[in-house]
Amino acid sequence: MSIKAKFRFQTCRGFDSMPALHPVRPADERDLIDAITQAAERGQSLQVLGGGSKAAIGAPTDARRLDMTGFCGVVDYDPPELVLTVRPGTPLSEVKAVVASANQMLAFDPFDHGAIFGVGGGAATIGGVVAAGVSGSQRLSCGAARDHLLGFRAVSGRGEAFIAGGKVVKNVTGYDLPKLAAGSWGRLFALTEITLKVLPRPQMAATYVIAGQTPEQAVKAMALAVGSRAEVAAAAYRPASRTDLSLTALRLQGFAPSVTARGAMLTAVLSGYGNVDVLAEGEADAFWQNLHTLGSLGGDRPLWRVNVPPSHGPQIVRSVQTAVADWMFDWAGGLVWLATDADHKFVRDAAASCGGHAILVRAPETVRKDVPAFQPLSAGVAALEARVRQAFDPKGVFATGRF
Amino acid sequence: MSLKMPVPDEAVLARRNDIVAALRKIVPGEGTIDDAERLRAYESDGLTAYRQPPMVVVLPETTEQVSAVLAWCYANRVKAVPRGSGTSLSGGALPLADGVLLGLSKFKRVLHIDYDDCIAVVQPGVTNLAITHAVEGRGFYYAPDPSSQIACSIGGNVAENSGGVHCLKYGLTTNNVLGCEIVMMDGEILRLGGSQLDPAGLDLLGIVVGSEGLLGVVTEVTVRIRPKPEMARALLIGFSSVESAGKCVADVIAAGIIPAGMEMMDRLAIHAAEAFVHVGYPLDVEALLIVELDGVAAECDFLVGEVQRIAQANGAVSLRISADDAERNAIWAGRKAAFPAVGRLAPDYYCMDGTIPRRRLPEVLERMKMLSQHYGLGVANVFHAGDGNLHPLILYDANRPGELDRAEAFGSDILRFCVEVGGVLTGEHGVGVEKRDLMPVMFSEVDLQQQQRVKCAFDPELLLNPGKVFPKLHRCAELGRVHVHQGKVPFPDLPRF
Ligand SMILES: Cc1cc2nc3c(=O)[nH]c(=O)nc-3n(C[C@H](O)[C@H](O)[C@H](O)COP(=O)(O)OP(=O)(O)OC[C@H]3O[C@@H](n4cnc5c(N)ncnc54)[C@H](O)[C@@H]3O)c2cc1C
């Protein structure tokens with residue numbers, strides 16, 4: 001039943017676009033253990049990289065690159081089981097194509113950060129998006145990478161290969177280490193195999209929009225929609241520009257009769273908020289795509305990913321109003337993509353005052369040298385995090401100073 | 001009772017009076033219990049074959065009290081076992097003779113509800129169903145629904161990462177929790193996660209969920225609430241073979257349908273349930289499937305048609321579709337009563353909880369049949385078919401010498417086979433003491449040591465709920481040594497407890 005055989009030949013990437021810092025590119029687990037053990041013995045550190053699409057996040061580091069693209073290919077894929085086991089260096093685009101061929105999807109909606117850094121697409125690997133906890137607009141309804149990572153195999157900073165989690169969709173055996181792996185940014189171990197939950201691809205999608213709302217009105221409308229029975233898959237807001245009105249967008253997806261019925265329901269729920277229109281397919285695709293490429297947030301200003309409870313989105317953008325800023329809401333207001341010259345302390349305080357946090361995604365090296373990518377944690381949680389890192393990596397092989 | 005708990009520390013037992021007095025200072029009056037009679041109420045959880053009255057029970061009411069109790073225990077090297085409602089089926093809340101049982105039953109308040117952000121902040125002793133009750137007036141509910149939901153606490157759900165019949169579509173506890181406050185064994189109070197979707201650093205909340213009370217005591221939980229679906233409809237489908245029922249399940253999912261629930265029962269379970277609740281289950285079938293679809297009416301109607309078509313294509317021999325909620329409830333009544341119904345077939349039953357890749361179902365059931373003959377004990381099967389989570393119910397009589405041991409051995413063989421076919425030891429009930437000694441079937445010594453190092457990062461003295469989950473006790477200092485290679489375990493003769 002497994003369709004593994006069908007996908008044996010994949011476009012696993014060779015080594016190309018990386019600078020010549022003598023990266024190490026293990027071909028198998030044995031090589032990887034050797035590389036890590038050697039680094040540990042010499043007191044060196046390694047930065048784990050997939051395609052390098054997110055290499056410009058975090059403080060600049062000259063740690064030796066550990067290129068994981070040698071771990072490539074689908075190991076097992078059985079669509080009716082909703083489970084895909086894949087090596088982490090497999091290109092994201094490849095994985096998406098494989099699951100699409102069985103009418104399925106990675107429901108956490110991962111995307112390639114290449115466009116955000118202006119280096120083109122195609123570099124992102126599945127291991128990279130999982131380790132970075134990348135999830136797109138659909139995270140609102142379907143969860144994040146952490147919710148879809150069922151199990152993994154990895155080599156720790158101790159140079160030991162180990163497994164955690166499982167290869168079935170429901171499992172509570174032992175600690176849920178996959179949760180730690182998603183969003184670990186290569187700070188705990190190097191993944192060599194990952195098992196993901198996949199889900200059926202919706203038969204159709206429709207994007208309903210209201211034009212001309214203020215951020216406050218938009219967040220209120222999105223909350224109402226998300227709290228309704230219309231089962232909103234994604235909810236985002238693009239503010240007004242010199243040429244266009246603002247746009248509040250709500251995506252419904254599923255089986256056609258259901259989407260139609262929920263569309264009518266949504267229109268009724270939002271009737272007090274303005275005219276509800278349906279975007280043409282091409283326009284809708286462009287709208288959601290823009291939330292992955294962030295084309296409208298270009299320029300040289302530092303780019304932040306601010307995570308707050310959705311109702312606090314407007315407070316974030318109001319608080320940076322004095323600075324020049326471009327921004328968008330995703331996740332019904334719970335994710336603010338913010339490109340601003342505002343001082344980093346200002347952005348982080350604003351996020352913290354809403355109970356959230358801000359990740360510095362894109363900034364010149366000079367800024368990233370001093371401003372950490374992640375919002376500093378409370379002392380107690382930071383100490384716990386440090387102990388957990390030590391549990392996997394006592395010698396700091398993966399402590400590159402990047403985060 | 002093949003499992004052994006750590007040998008009680010005589011020195012601690014000798015200090016019992018002082019310990020009780022010290023705890024009473026922190027949690028005065030009725031909140032500290034030390035008389036033998038009342039301690040017995042806490043001697044076991046849902047895994048009733050294992051009993052052990054605790055040294056003392058404390059029932060604090062505030063996070064500060066929890067913190068003070070744990071800090072005192074930490075300073076005095078006394079073990080602590082957290083307990084919610086005591087419904088764990090794996091012995092996670094089994095007390096220790098030389099330990100403090102820390103009950104969270106007085107943490108009963110719903111603290112805050114925000115319908116715009118779709119969150120509820122609750123204390124850990126609030127029952128799973130009480131969260132839904134608190135928000136249903138506004139059309140919301142809390143999705144994970146363990147069958148024990150009227151009794152089990154949200155703190156226990158977090159500790160066990162509990163599921164329910166609807167978790168295929170709506171996720172387990174971990175997918176529905178955004179943040180929590182925990183008290184560490186040394187008394188430190190920490191907040192993990194928050195009310196936003198992504199965590200700020202490592203997903204520490206993610207490992208606390210499902211940690212079976214070994215990493216910290218949960219004193220507050222922020223959960224996501226959802227709008228209640230407009231309606232639900234159920235199909236009751238009979239098949240003349242387990243294979244065709246299994247094929248039907250796979251075809252439903254292959255058609256892109258994720259039902260709200262998809263349950264299977266085998267012949268013995270069907271007959272037991274029907275004899276108990278009389279809801280008209282067909283008795284001439286080998287497998288019965290309940291498929292529930294929820295959402296807007298248009299979706300339910302459409303999908304009922306699709307599932308019906310798929311069922312017929314797979315040779316369904318009987319098919320009933322609920323016309324209204326009363327009929328839907330009747331269809332579910334038999335499944336929901338399956339455990340007590342099977343319980344009527346024998347004096348005792350033992351509920352197992354492995355997960356398998358669904359495609360291996362026929363051979364797993366075949367193996368169970370063989371094992372059933374081998375051990376001379378009956379087994380009935382109810383099955384969360386959508387996600388491959390099996391609940392074999394082994395029938396035995398604890399009063400017959402040796403039967404409990406045979407039931408346990410039978411259960412262990414089933415779980416071993418689950419792992420052999422690519423599955424896992426537990427899908428939702430947790431490892432606890434019950435599956436502790438089976439952990440090496442699924443994980444190597446290196447894998448387990450890595451998990452224990454995480455434990456050490458939270459609780460370096462191993463005072464919080466020891467004797468659960470891990471088959472071997474390794475001191476943290478020993479685990480901290482670098483480069484322990486596979487096969488070369490330090491202290492191979494360290495006692496198993
Ligand atoms: C009839 C019946 C049906 C069941 N059905 C299901 C089902 O469908 N799905 C399912 O998943 N489970 C089911 N269970 C198992 C059980 O109900 C769940 O595991 C539940 O989450 C346990 O909650 P509790 O409050 O009873 O926890 P307890 O049994 O008191 O404790 C369970 C574990 O959690 C720890 N713990 C409890 N509270 C805390 C806290 N505040 N902080 C830290 N640790 C804590 C304990 O130390 C222990 O390890 C069922 C049990 C029964 C008896």
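A note on names: the letters A, B, ... follow the listed sequences, proteins ahead of strands, and every chain is numbered from 1. In this text the structure is predicted, and so the values were computed from the model without any measurement.
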Go through the atoms of [X] and report whether side chain, backbone, both or neither lie under 4.5 Å from a heavy atom of chain B.
X	answer
A:T260	neither
A:F403	neither
A:V219	neither
A:L177	both
A:I359	neither
A:V308	backbone
A:R187	side chain
A:R146	side chain
A:E231	side chain
A:L199	side chain
A:D147	both

Could you pull out the closest heavy-atom pair between [X] and [Y], with the gap in Å?
X	Y	answer
A:K197	B:L168	NZ-O, 3.8 Å
A:K170	B:H384	NZ-CD2, 3.3 Å
B:E230	A:M265	OE1-CE, 3.1 Å
B:V446	A:A161	CG1-O, 3.6 Å
A:A261	B:A298	CB-CB, 3.6 Å
A:G174	B:V431	N-CG2, 3.9 Å

Of B:N389, B:V421, B:T355, the residue whose pairing with A:V168 passes side-chain contact (heavy atoms from CB on, under 4.5 Å):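 The residue from B:N389, B:V421, B:T355 that satisfies side-chain contact (heavy atoms from CB on, under 4.5 Å) with A:V168 turns out to be B:T355.
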A side-chain contact here means heavy atoms from C-beta on lying under 4.5 Å apart; do [X] and [Y] qualify?
X	Y	answer
A:F255	B:E306	no
A:R389	B:L202	yes
A:R262	B:E299	yes
A:K167	B:P357	no
A:P200	B:I257	no
A:R158	B:R453	yes
B:R191	A:V381	no
A:T173	B:V419	no

With rounding to the nearest 0.5 Å, note down the distance linking [atom1] in [X] to [atom2] in [Y].
X	Y	atom1	atom2	answer
B:L293	A:S258	CG	OG	11.0 Å
A:L384	B:F458	CG	CZ	4.5 Å
A:L82	B:D387	CG	CG	9.5 Å

Let's test your reading of the structure: which of [options] forms the most heavy-atom pairs below 4.5 Å with chain B?
options	result
A:W185, A:F374, A:F392	A:F392
A:V169, A:D176, A:L377, A:N171	A:N171
A:Q375, A:Q104, A:R201, A:E385	A:E385

Side-chain donor-acceptor contact under 3.5 Å, A:S311 with B:D116: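 There is no such pair (donor and acceptor under 3.5 Å, judged by atom type) between the side chains of A:S311 and B:D116.
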Under a 4.5 Å heavy-atom cut-off, does chain A meet the side chain of [X], its backbone, both or neither?
X	result
B:K455	both
B:C456	neither
B:L448	neither
B:M439	side chain
B:P460	neither

Ion pair check, B:D198 and A:R139, cut-off under 4.0 Å: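 A:R139 and B:D198: salt-bridged.
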Carboxylate-amine/guanidinium contact B:D203 A:K179, below 4.0 Å: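 So B:D203 does not pair with A:K179 through a salt bridge.
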Derivation of the side-chain contact (heavy atoms from CB on, under 4.5 Å) call for A:L335 and B:L197: CA-CA 9 Å; A:L335 171 61; B:L197 290 179; over 6 Å; no
Centroid separation B:F470 to A:Y175 less than 6.0 Å: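 Between A:Y175 and B:F470, which both carry aromatic rings, the centre distance is below 6.0 Å.
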Check: A:A391 main-chain N/O paired with B:Q450 side-chain donor or acceptor under 3.5 Å: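 Here the side-chain-to-backbone pair exists.
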Chain A interface, residue from B:L303, B:V209, B:L172 that has the most non-hydrogen pairs under 4.5 Å: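 Maximum pair count with chain A is reached by B:L303.
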